[in-house]
Every structure is written in C-alpha cells, then in structure tokens.
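Hydrogens, waters and symmetry mates are skipped; everything else that's a heavy atom, side chains included, is used. Predicted, not measured: the structure shown is a model, and the values here were computed from it.
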Amino acid sequence: MKNIFKITTLVLSFLIFYNCSKKVDNIPMDIEINDFVWKGLNASYYWQSDVPDLSDTRFSNQNELNDFTAGFDTPEDIFQSLRFQPGVVDRFSVIVDDYIALENSFQGIRLSNGMEFKLYRNKGNTSNVYGVVYYVIPGSDAESKGVLRGMVFSAIDGTQITDTNFSSLLFGSNVSYNVNFADFNAGNPVVNGTTINLVKEQLQENPVAITKIFNEGTNKIGYLLYNQFASSFDGQLNAAFATFKSENITDLIIDLRYNGGGSVRTATYLGSMINGSNNGKLFSQEIWNEKVMANTNPDVFLNNFTNQIVNRDSNGNTILDEPINSLNLQRVYFIVTDDTASASELVINGMDAYIDVNLVGTKTVGKQVGSITLYDSDNYRRNGLNLNPNHTYAMQPIVLEIKNANGQNNANGYTPDVILAEDFGRDDNTINLGVLGEKSDPLLDRTITFITTGAKLTGKPSFFNQEKPLLDSKFIQPFSQEMFVENFRK
C-alpha cells in the first residue's frame, strides 16, 4: 500500500501564489481560520473545479482573499458556502471545532452510555416517540446495568419522548438520565415500571464485536460482527482471522449491518484477510481532483492487496507490524443494512472484482467517496509546521471517489441477493431482533440457510417496506459514515 496521505504535502507544490505561505500576518483569528478553510479546500476538495469561489484565479492577491473570507461570520459559514451542492452532491464533508474529538471518533472513542437505539413514532399518537434498543456496546454502562437488544423505552426521566423533545432528552448536555422502559404494545408502548439510570462516559468500542464458528453439516462457517474500520483494532481483526484460519472454516459471514465505515487502509487489510491469493493485485483505486491527479505519481492512488499489516503513528513510528492471516476464500457473505456505508461498501466492491460476493439484508447507503483530515498548519497535517495553537478547527472534506479494480462502484448502494430487514415490529406488531451472534437473529439465521442451501427468498418479508426510523442513535454522530485516508500508509 502506498503512502497516499503524502498527497497533502504534494498539493503544496501547485497551490497558487498566495498559498505559498500558510500563515497570514496581522489579520484577526476568525479571518485566519476562514483563510485556512478556503486554502485547504482549494488544495484538495474533490469538487474544487466545480465551485467558482474555489477557482485558482478567483482572487489576484492575498488582500482580495482576505476581503472575501472576512465576509463570513464563522468558519462553518464559509465552509458551507464552498461545498458543492451540499446535501445533494456533497453529502458528507464536515468541519469541526474540536479535532481531538474527530480523531477519537475515528478510533471508536466517544461520549456514550453504550445503548444504541432507533426511534419510531407511536402508531396511535404519532407525536409520541419510543426507542428500540438494537445494540449494547460491550463494557459500557448500559451493558453493566442489564440493557438488552430488543428492549423498548418511551420516556426519559419520567417525560414522554415526543418528536419535539427527543433531542434534548437523549442528546442534550445531560451526561446521565433515567430510561423508562416499556412494553411494545404493537407500536403504542406502555411504561412497565422498569427504570435504569444510564451514564455517558468516554468509551472506546472494540469494533471486532463477535467472533463465532457454526458447524452446519459439511459447512464450517465463521461469523464476524464488525462495527467500524478503526485502525487501532487492526491487530484484533487479524487475530479473529487467525482463529478462522486455525479452524479451517469453509465459509465466512462478515456482519456489517451497523458498520458506517472508517479507514481505507483497514478496509484493504480486511480484503487481504478474506483472500490472500491476490497479494500485490489492485484492491481499489482513488480519483482525486484534477490538480492532485496531475501533480502526483499515479501509483499513489492505488491500494493493493497485501500480506502484511504495517501501521504507523503520526510521527512515522511503527505501532503494528505483523503478517496478515488470510483465508484464501473464493466466496464471502456480508450482512448489510441501510446503515452499511463507505469503507464497508468498499470491501464489498473491492472483493466483487475477484471472488463471489453475496449479500443478505437491505440496500446499503451508497457512499463511494472518501475524505482526509485537514489541519491549520503549513501542509494541512497534524504534525505540520506552524500548527495553529489558537484553535482546534479541522476539516474533513470529501477529496476522492473510490472504485474497484474493474473501475466500478455504486453510488446508489448495493442491493442484497437475499432481502431481509431487521424486524422492529412496525408491520407485524412483534419485535423479533433475536440475539446478535446467535441463530435467533433472523439475519444471521437466514445467511446460514443461504450458505447451506443456496436458497433465496421468493418474496419480500412482510416488514421489508417498514417505515424508516425517526432517528438512529449511532448514525446521528457526524462522523459515523466516514471513509478516510490515514497518515503514513505503507
């Protein structure tokens, strides 16, 4: 794999003249941050050529640029003004005022009580809202206090959740609250007297959540619930595949139903773990903006299958160096949902060019673009010279589109071979989520059946067209569906 993040250094060589010096003297801090926003997007934003105000010829000197950036009250304002058709074309670029929190989120660290849930409107009084727990993070406060998948709640601190107060009740500044659980009652929940106090804390989730093996006749099936492409857990991911390899599994299920993405490098490692016979071949190829592509060695944009994990920190120090445990499988099964995005879809697409890829679940998001983190330093890197100590703003703009070895991707998402939605009870009036990692989970059970019989559903289950939830607690996070390129890739 190439050191793709060196692109952010290379772009400096062709910035227009007023970008040659990153720092601007004698201007107010807010304008200085705005200056960083403009110059960073001008250098690497994927749609730079489509935004007139980001044109290399838009301003003839630094004073003209200063006058332009001074017209925006906040860095967020200028950032939004420079995005290309935000929410339509550019759906994912973000700016943050705390890059420490951003960095933590990419490694699964965030303030959480560990209870992940979806919110739905009551079937009767549609102003009222209730939640269904679908995942409990191991080691969290929620797990220690007995919260389970499939539990329903309708009030917080004794207050009925509604479509106007759910944000303040569940996502406000309160670090603890009492969850009032309820009986489902066919979509019109009734509190049942069970109350659990939950406390939010800085929590790092291990995305390698469940590893199991199922013996089904002549099939020995490995199962992995994998929730984020976080590089700090690459060793644990590789260890899971060591188990699969030692057990000589015949089939593999990778459960990406709650995986919104993450590191491109880790996605390439996972692809290499699934099938190591492609070592050195192209896994994926990146397309950046015209300036970056024209001024960079083309090999830099290629991510190849590898037989070695080599991870380094921001200072170039090796923190993990070990051979990849590869299974050399010719087919793989993925469990997916409409929460499956970016790096998850990259693995699906990357492997599809080489082996038989099978999907069970519901259509994925369709995020085929990736980002990098830009900091206010001379080369936009965290360890770059003159990192501005007066603020912690950073940008996570979309800088690339990614395709497989055949030059293909799908911005509309991937439709499963076997269509089956998680049953939150909206149509059949009974919640049937089962236990993750057990055959009581309908999606896992159906995937095992698909493996052993080859049978696909002849029709959609009754709850396939169930309404979308009002909110998903995990994916309300601003960086929950990122695909990003990291520093110091080999």
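The six-membered or imidazole ring of Y99 lies near that of Y375, with a centre-to-centre distance under 6.0 Å.
Salt bridge status for R257 with D441: present, with a side-chain N to carboxylate O gap under 4.0 Å. Taking a cutoff of 4.0 Å between a charged side-chain nitrogen and a carboxylate oxygen, R331 and D251 qualify as a salt bridge. Residues K118 and D339 are paired through a salt bridge, judged by an N-O separation under 4.0 Å between the basic side chain and the carboxylate. A salt bridge is absent between D472 and K474: the closest approach of a Lys/Arg side-chain nitrogen to an acidic carboxylate oxygen does not fall below 4.0 angstrom.
Between the CD atom in Q368 and the NZ atom in K403 there is a gap of 10.5 Å [rounded to 0.5 Å]. With values rounded to the nearest 0.5 angstrom, N406 atom CG is found 8.5 Å from Q285 atom CD. The distance from the CD1 atom of I402 to the CD atom of E345 is 11.5 Å, given to the nearest 0.5 Å. Atoms CE and CG, on M351 and L270 in that order, are 8.0 Å from each other to the nearest 0.5 Å. The distance from atom CG of N289 to atom CG of D50, rounded to the nearest 0.5 Å, is 10.0 Å. The distance from atom CZ of F233 to atom CG of L320, rounded to the nearest 0.5 Å, is 12.5 Å.
Side-chain contact annotation: Q107 with S231, donor-acceptor N/O pair under 3.5 Å present. The closest side-chain donor-acceptor pair between Q408 and N349, if any, does not fall under 3.5 angstrom. Side-chain contact check for N432 and D423: no donor-acceptor pair (N or O, by modelled atom type) lies under 3.5 Å. Side-chain contact of E401 with Y46: a donor-acceptor pair under 3.5 Å is present, judged by distance alone. Under 3.5 Å, the side chains of T340 and N259 contain no donor-acceptor pair of N or O atoms. Side-chain polar atoms of N113 and D141 form no donor-acceptor pair below 3.5 angstrom. At a cut-off of 3.5 Å, with distance as the only test, no side-chain donor of D356 or Y333 sits close to an acceptor on the other residue. Side-chain N/O atoms of E322 and N238 include a donor and acceptor closer than 3.5 Å. Counting only N and O atoms by type, the side chains of R265 and N303 include no donor and acceptor under 3.5 Å apart.
Ring-plane geometry between Y134 and Y258 is classed as tilted, the angle between the planes lying from 30 to 60 degrees on a 0 to 90 degree scale. Ring geometry for F301 against W288 counts as tilted: the plane angle lies between 30° and 60°, on a 0 to 90° scale.
Taking both residues in full, the closest heavy atoms of L436 and I210 are given as O-CD1, 3.6 Å, listed atom of the first, atom of the second, then distance.
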Practice task
Begin with the C-alpha distance, continue with both residues' side-chain angles, and end with the deciding distance and a verdict on salt bridge (Lys or Arg N to Asp or Glu O under 4.0 Å) for E422 and R149.
Solution key: CA-CA 12 Å; E422 287 198 293; R149 173 174 165 89; 2.8 Å; yes

Exercise for the section: Step by step, work out the side chain to side chain contact (heavy atoms under 4.5 Å, CB included) result for I213 and Y223. Expected result: CA-CA 6 Å; I213 294 175; Y223 170 80; over 6 Å; no

Handout entry: Criterion ring pair (Phe, Tyr, Trp, His ring centres under 6.0 Å) on Y354 and F283, from CA distance to verdict
Key = CA-CA 9 Å; Y354 294 95; F283 174 70; 8.2 Å; no

Exercise for the section: Walk me through it: do L327 and M273 pass the test side chain to side chain contact (heavy atoms under 4.5 Å, CB included)? Expected result: CA-CA 6 Å; L327 300 178; M273 292 172 196; over 6 Å; no

Handout entry: Test log, rule side chain to side chain contact (heavy atoms under 4.5 Å, CB included), inputs S93 and Y45
Key = CA-CA 9 Å; S93 294; Y45 187 49; 3.7 Å; yes

Exercise for the section: Could you please spell out the steps behind the side chain to side chain contact (heavy atoms under 4.5 Å, CB included) verdict for T306 and I324? Expected result: CA-CA 8 Å; T306 179; I324 281 179; 3.9 Å; yes

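When atom types are taken as modelled, the side chain of N328 and the backbone of Q330 share no donor-acceptor pair closer than 3.5 angstrom.
Annotation: ring-ring contact (aromatic ring centres under 6.0 Å, His included) contacts of Y393 (sequence neighbours excluded): H391.
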